[in-house]
S.K.: 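Following this message is one structure expressed as structure tokens.
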Amino acid sequence: MEKIEGSIEHISFRNEDNGFTVAKMLETGKTTLTIVVGVMMGVQVGEILVCTGNWKTDKRFGVQFDVKNFEVKVPSTVQGIEKYLASGLISGIGATFAKRIVKRFGVDTLDIIENAPTRLLDVEGLGKKKLERILNSWKDQKNIRNVMLFLQQYNVSPAYAQRIFKQYQQESVQKVKENPYRLASDVVGIGFKKADEIAKAMGISQQSPMRLDAAIEYNLLQLAKSGHTCYPLEEFMEATATKLHVAATELEERLTTLVFNKKIIIESIQDGKGRRSFIWAKLYYRFEQQIAEEIERLKSFPPRSKVFNLDEIGDITQKMGIVLAEQQEMAVQQSLQSKIHIITGGPGTGKSTITNVVVQLFKKNQFKVLLAAPTGRAAKRLSEITGEEAQTLHSLLSFDFGIRGFRKNYLDPLECDVLIVDESSMIDSFLMDGLLRAISDHTQLVLVGDIDQLPSVGAGNVLKDLMDSGKIDMTRLTEIFRQAVNSRIVINAHKINQGVFPNVEIDKQSDFFFIKEHSPEKINNTIISLLSGRLKKAYGFHPLKDIQLISPMNKGELGTQRLNQLMQKALNSGKKGKDTVERGQITFRVGDKVMQIRNNYDKEVFNGDIGYIKRISSEDKLLVVNIDKNDVEYQFSELNELELAYAVSVHKYQGSESPCIIMPIHEQHYRLLYRNLLYTGITRGKKLVVLIGTSKALNIAIQNNHVNKRYTGLKQALDPENSTGLPVIKVVPMLGSAGYEDWVAEHFPEVISE
């Protein structure tokens with residue numbers, strides 16, 4: 001192999017996923033540029049590289065140097081340093097400041113940044129805030145480079161290396177050496193498969209206990225992402241052993257260790273197929289057990305509102321100018337008298353009216369009432385309904401990023417007599433656990449939601465399990481309130497929920513339309529036409545703020561990814577430049593509608609929050625999004641938390657509403673054509689719903705009421721007699737049975753010695 005040395009003058013191409021780079025190098029002593037190609041992680045313009053490799057001739061691009069290994073030297077000339085700093089490597093330094101800094105300090109520039117950084121304040125326009133950003137970025141780049149060089153030998157891409165560094169900082173190398181499998185659960189975007197590849201490259205065997213334990217815990221967490229808090233043990237073991245290419249007996253031995261170390265829980269419970277063994281990750285088992293315990297605690301204390309005079313209901317409703325139907329009045333009465341009460345029903349059944357009446361009655365009797373909902377938009381709508389302040393549950397419970405938990409708990413409970421929570425079907429087991437532990441003994445809880453919508457995005461099926469348990473007082477509203485009878489959105493939603501094809505007759509006065517199109521291309525063209533002019537002309541809807549395009553799926557010609565590309569081009573097209581930034585296949589532009597796709601408690605933004613890109617700074621490597629009138633800053637390295645939101649999935653739009661909903665429905669969506677998904681999508685529309693697609697697809701969704709099964713243990717936890725609470729593993733004898741003590745002595749001698 002040969003060796004060449006020179007400065008990187010230009011980077012023609014870089015794949016951020018695998019580090020493959022095509023660059024132009026000015027070799028030392030030469031006047032013409034050399035094309036160098038290969039995996040060169042994090043290489044920047046202006047850096048001096050010493051490359052080892054071979055010369056080759058590409059049919060299309062000519063002579064190139066194929067880099068096998070490289071070392072980086074810092075630039076030593078004024079021109080090289082300026083290019084290096086202007087490359088965008090350091091947040092806060094662009095071309096303008098690079099020129100100013102180098103003009104001031106010359107060849108000593110990099111030494112100044114490293115050893116006397118406060119002298120940078122002598123540069124015109126460079127203040128303390130920018131200096132802090134520059135120094136943090138400079139420090140991070142040095143550390144990231146070390147991590148990259150370590151991980152390069154295991155074929156880890158720069159993009160992954162940056163994420164690893166963000167998670168572990170200076171401990172990155174040490175953490176990966178200790179246990180590369182921790183990457184699967186700790187680092188966003190690195191799954192078990194990638195962690196397994198890294199571990200294999202590090203020489204860790206396929207039968208390693210570290211590998212088997214990590215796979216069991218990782219697979220449980222992956223199931224939780226699909227909504228399951230637990231899973232049938234036999235099915236879980238079979239699937240995990242197959243994925244790992246190991247014998248089931250090897251996995252069973254690790255399972256016993258994890259049970260004894262309390263990393264996982266195995267119990268025998270009754271489900272639809274009889275009494276079976278189920279497996280939980282410790283975290284989700286604890287959530288469900290604590291929810292059950294908190295429910296029992298709250299029910300054991302009487303509500304303060306036993307003193308209510310029910311005649312007051314008529315007085316309040318008369319003042320409000322409304323008349324309650326019999327079901328609605330019963331719901332109000334139970335909300336006043338029950339310690340915990342669930343109100344569920346579809347659109348138009350009066351949930352909002354009941355909530356408002358209950359709030360006014362409690363307030364009239366000097367009760368302190370708190371209102372909350374899982375999402376910002378749902379909280380805002382609750383506030384509009386009642387005229388009272390409503391908060392998100394995360395805000396109400398004071399989530400603390402430092403402790404990754406809620407500040408509000410039994411030591412510092414919520415100060416209220418009554419707590420009313422809307423959109424309760426969206427509450428997962430983690431959030432319900434935190435909520436219940438923050439409610440004081442005598443506080444009443446009213447949960448309002450539509451049980452026929454999609455369940456929570458997070459693990460669990462909390463509202464359904466509470467209702468099915470028979471342990472909670474409940475009102476199910478079925479009568480459509482008369483003001484909603486004229487709304488086709490309401491009528492058709494109920495028809496769909498009952499398995500009946502909706503009324504799609506053409507009526508210009510209707511708030512529900514079904515446009516029949518068979519070709520995906522024509523469906524897309526119709527959507528573009530509606531968004532870019534027709535709906536604004538007919539209804540005055542703003543294409544971004546008043547209309548939300550939703551789809552059953554993310555992939556495919558009618559999935560959210562493709563729709564976002566088309567809508568961005570139609571509504572916010574522009575040339576690439578300083579007002580754009582690319583992340584993978586997505587180009588973000590100023591003015592784009594975007595969605596936060598994971599909870600970020602540090603920024604106080606949450607999964608499902610929608611905003612608009614206000615500013616993009618290539619110099620500062622910063623993107624600013626306005627979300628609910630607040631400006632939220634994202635470093636370019638954090639853009640994996642955002643995605644375009646011209647179109648979003650039905651799942652991600654739970655708990656939100658829009659004046660107008662447009663939804664394609666086609667056989668391409670076959671895998672996700674479920675009744676509850678269609679029902680949820682339609683009920684997101686306040687003033688207008690437009691379905692575009694085929695009658696066949698619409699009918700498939702309506703008839704398909706086989707809701708995706710979620711395995712949960714909350715219902716059983718609320719009824720302890722239904723659960724054994726004992727480990728049931730083939731290789732573990734039952735507690736107290738013959739052979740149990742011998743088994744413990746064999747597998748865990750330290751337990752006996754203690």
Side-chain angles (χ1 to χ4, degrees), residues 217 220-221 223-225 227-231 258-259 261-270 278-301 339-342 370 372 374 393-394 396-400 403-414 416 419 421 424-447 449 455-473 599 601 710-727:
E217 293 187 76
L220 284 173
L221 293 177
L223 287 167
K225 289 181 179 179
H228 306 288
T229 57
C230 59
Y231 210 74
L258 290 171
V259 168
N261 290 334
K262 298 183 179 178
K263 294 289 185 69
I264 62 171
I265 309 294
I266 296 174
E267 284 191 359
S268 172
I269 61 176
Q270 187 79 25
F278 282 75
I279 181 171
W280 283 258
K282 177 184 176 181
L283 183 68
Y284 291 99
Y285 181 82
R286 191 179 71 207
F287 287 156
E288 293 186 326
Q289 293 298 314
Q290 288 177 169
I291 289 170
E293 290 169 9
E294 296 303 321
I295 291 287
E296 288 304 310
R297 172 181 66 86
L298 291 174
K299 287 176 63 181
S300 69
F301 291 90
K339 192 63 187 299
I340 306 174
H341 183 226
I342 295 171
L370 289 180
L393 286 170
H394 286 87
L396 181 75
L397 299 173
S398 301
F399 190 91
D400 188 306
I403 63 172
R404 298 195 69 79
F406 298 110
R407 286 285 180 192
K408 291 292 182 181
N409 52 42
Y410 69 95
L411 295 174
D412 182 19
L414 297 168
C416 64
L419 174 61
V421 183
S424 296
S425 63
M426 293 184 65
I427 302 177
D428 60 21
S429 56
F430 162 70
L431 193 51
M432 183 58 82
D433 172 54
L435 175 66
L436 293 175
R437 287 191 289 122
I439 298 176
S440 59
D441 293 341
H442 292 283
T443 296
Q444 289 177 246
L445 175 62
V446 181
L447 299 172
S456 59
V457 174
N461 207 349
V462 176
L463 190 64
K464 184 177 187 302
D465 284 346
L466 291 178
M467 291 171 60
D468 290 348
S469 72
K471 301 286 186 178
I472 310 294
D473 291 337
N599 291 338
Y601 303 103
R710 281 197 175 192
Y711 290 107
T712 63
L714 178 57
K715 180 182 173 183
Q716 286 76 15
L718 287 161
D719 184 11
E721 294 180 4
N722 200 22
S723 174
T724 64
L726 299 174

S.K.: I would like to know whether Ile472 and Ile295 meet side chain to side chain contact (heavy atoms under 4.5 Å, CB included); could you show each step before the answer?
M.R.: CA-CA 9 Å; Ile472 310 294; Ile295 291 287; 3.7 Å; yes
S.K.: Please examine the side chains of Leu283 and Leu220, heavy atoms only from C-beta on, and report whether any two atoms are closer than 4.5 Å.
M.R.: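 A side-chain contact is absent here, since even the closest heavy-atom pair is not under 4.5 Å.
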S.K.: Output the distance between atom CE (Met467) and atom OG (Ser424), rounded to the nearest 0.5 Å.
M.R.: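 Those atoms lie 11.0 Å apart.
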S.K.: For the atom pair CG (Leu714) and OG (Ser469), what is the distance rounded to the nearest 0.5 Å?
M.R.: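 OG of Ser469 is found 7.5 Å from CG of Leu714.
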S.K.: For Pro374 and Ile427, work out which heavy atoms get closest and say how close.
M.R.: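 Looking at all heavy atoms of both residues, the closest pair is CG-CG1, 4.0 Å.
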S.K.: In Å and rounded to the nearest 0.5 Å, what is the CG to NZ distance from Leu397 to Lys408?
M.R.: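 One finds 9.0 Å between CG of Leu397 and NZ of Lys408.
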S.K.: With respect to Arg286, which candidate in Gln290, Gln289, Glu288 satisfies the side chain to side chain contact (heavy atoms under 4.5 Å, CB included) definition?
M.R.: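 Output: one option passes, namely Gln290.
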S.K.: Check for a donor-acceptor pair, side chain of Ser429 on one end and backbone N or O of Ala459 on the other, with a separation under 3.5 Å.
M.R.: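 Side chain of Ser429 to backbone of Ala459, a donor-acceptor pair under 3.5 Å: yes, one is there.
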S.K.: Which atoms form the tightest heavy-atom contact between Ser440 and Cys416, and what is the distance?
M.R.: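 Smallest interatomic distance, heavy atoms only, reads OG-O, 4.3 Å.
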S.K.: Any side-chain heavy atom of Leu414 within less than 4.5 Å of one from Thr443?
M.R.: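 No, every pair of side-chain atoms sits at 4.5 Å or beyond.
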S.K.: Please determine whether side chain to side chain contact (heavy atoms under 4.5 Å, CB included) holds for the pair Gln716 and Glu267, giving the CA-CA distance in whole Å, both sets of side-chain angles, and the decisive distance to 0.1 Å.
M.R.: CA-CA 11 Å; Gln716 286 76 15; Glu267 284 191 359; over 6 Å; no
S.K.: How many angstroms lie between CD in Gln444 and CD1 in Ile439, if you round to the nearest 0.5 Å?
M.R.: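 Going from the CD atom of Gln444 to the CD1 atom of Ile439 covers 11.0 Å.
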S.K.: Between the side chains of Lys715 and Asp719, is the shortest nitrogen-to-carboxylate-oxygen separation below 4.0 Å, so that they form an ion pair?
M.R.: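 Between Lys715 and Asp719 there is no salt bridge, as every charged N stays at least 4.0 Å from the carboxylate O atoms.
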S.K.: Asp473: what forms a salt bridge (Lys or Arg N to Asp or Glu O under 4.0 Å) with it, not counting sequence neighbours?
M.R.: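 Testing Asp473 for salt bridge (Lys or Arg N to Asp or Glu O under 4.0 Å), a comparison that skips the adjacent residues, returns none.
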S.K.: For Asp412, is there any backbone N or O sitting under 3.5 Å from a side-chain donor or acceptor partner on Arg407?
M.R.: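 No; zero donor-acceptor contacts below 3.5 Å.
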S.K.: Should Ile340 and Leu466 count as side-chain neighbours, where that means a heavy-atom distance under 4.5 Å?
M.R.: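 Not in contact.
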S.K.: Taking side chain as C-beta onward, heavy atoms only, is Val457 less than 4.5 Å from Met426?
M.R.: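 No, every pair of side-chain atoms sits at 4.5 Å or beyond.
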S.K.: Decide yes or no for Leu258 and Glu217: does some side-chain heavy atom of the first lie under 4.5 Å from some side-chain heavy atom of the second?
M.R.: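 Sidechains of Glu217 and Leu258: in contact.
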S.K.: Are more than 12 heavy atoms from other residues, nucleotides or ligands located less than 6.0 Å from atom NZ of Lys464?
M.R.: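 No.
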S.K.: Taking the inter-plane angle between the rings of Trp280 and Tyr285 on a 0 to 90° scale, is it parallel (under 30°), tilted (30 to 60°) or perpendicular (over 60°)?
M.R.: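 Perpendicular.
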S.K.: For Ala292 and Ala717, which heavy atoms make the closest approach, and how far apart are they?
M.R.: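 Here Ala292 and Ala717 meet closest at CB-O, 3.5 Å.
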S.K.: Indicate yes or no for a side-chain donor-acceptor contact from Lys339 to the backbone of Asp441 under 3.5 Å, with no hydrogens or angles considered.
M.R.: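 Checked: pair present.
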S.K.: List the steps, then state whether side chain to side chain contact (heavy atoms under 4.5 Å, CB included) holds for Leu435 with Leu393.
M.R.: CA-CA 8 Å; Leu435 175 66; Leu393 286 170; 3.9 Å; yes
S.K.: Is there a side-chain contact between Phe406 and Leu431 in this structure, where contact means two heavy atoms from C-beta onward sitting under 4.5 Å apart?
M.R.: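 Sidechains of Leu431 and Phe406: in contact.
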S.K.: Check the orientation of Phe278 and Tyr711. Use parallel for under 30°, tilted for 30 to 60°, and perpendicular for over 60°.
M.R.: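 Tilted, since the angle between the ring planes falls between 30° and 60°.
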S.K.: Atom CD1 in Ile279, atom CD1 in Ile264: separation rounded to 0.5 Å?
M.R.: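 Answer for the CD1-CD1 pair, Ile279 versus Ile264, is 4.0 Å.
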S.K.: Under a 3.5 Å threshold, yes or no: a donor from one side chain and an acceptor from the other, between Asn461 and Thr712?
M.R.: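 No, no side-chain donor-acceptor pair sits under 3.5 Å.
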S.K.: With a 4.5 Å heavy-atom cut-off, do Tyr284 and Leu221 have their side chains touching?
M.R.: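 Counting from C-beta outward, Tyr284 and Leu221 do come under 4.5 Å.
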S.K.: Calculate, to the nearest 0.5 Å, the distance between atoms CG and CG belonging to Leu447 and Leu463 respectively.
M.R.: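 Reported to 0.5 Å precision, the distance equals 6.5 Å.
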S.K.: Do the side chains of Leu419 and Leu396 get nearer than 4.5 Å, heavy atoms only?
M.R.: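 A side-chain contact exists here, since the closest heavy-atom pair is under 4.5 Å.
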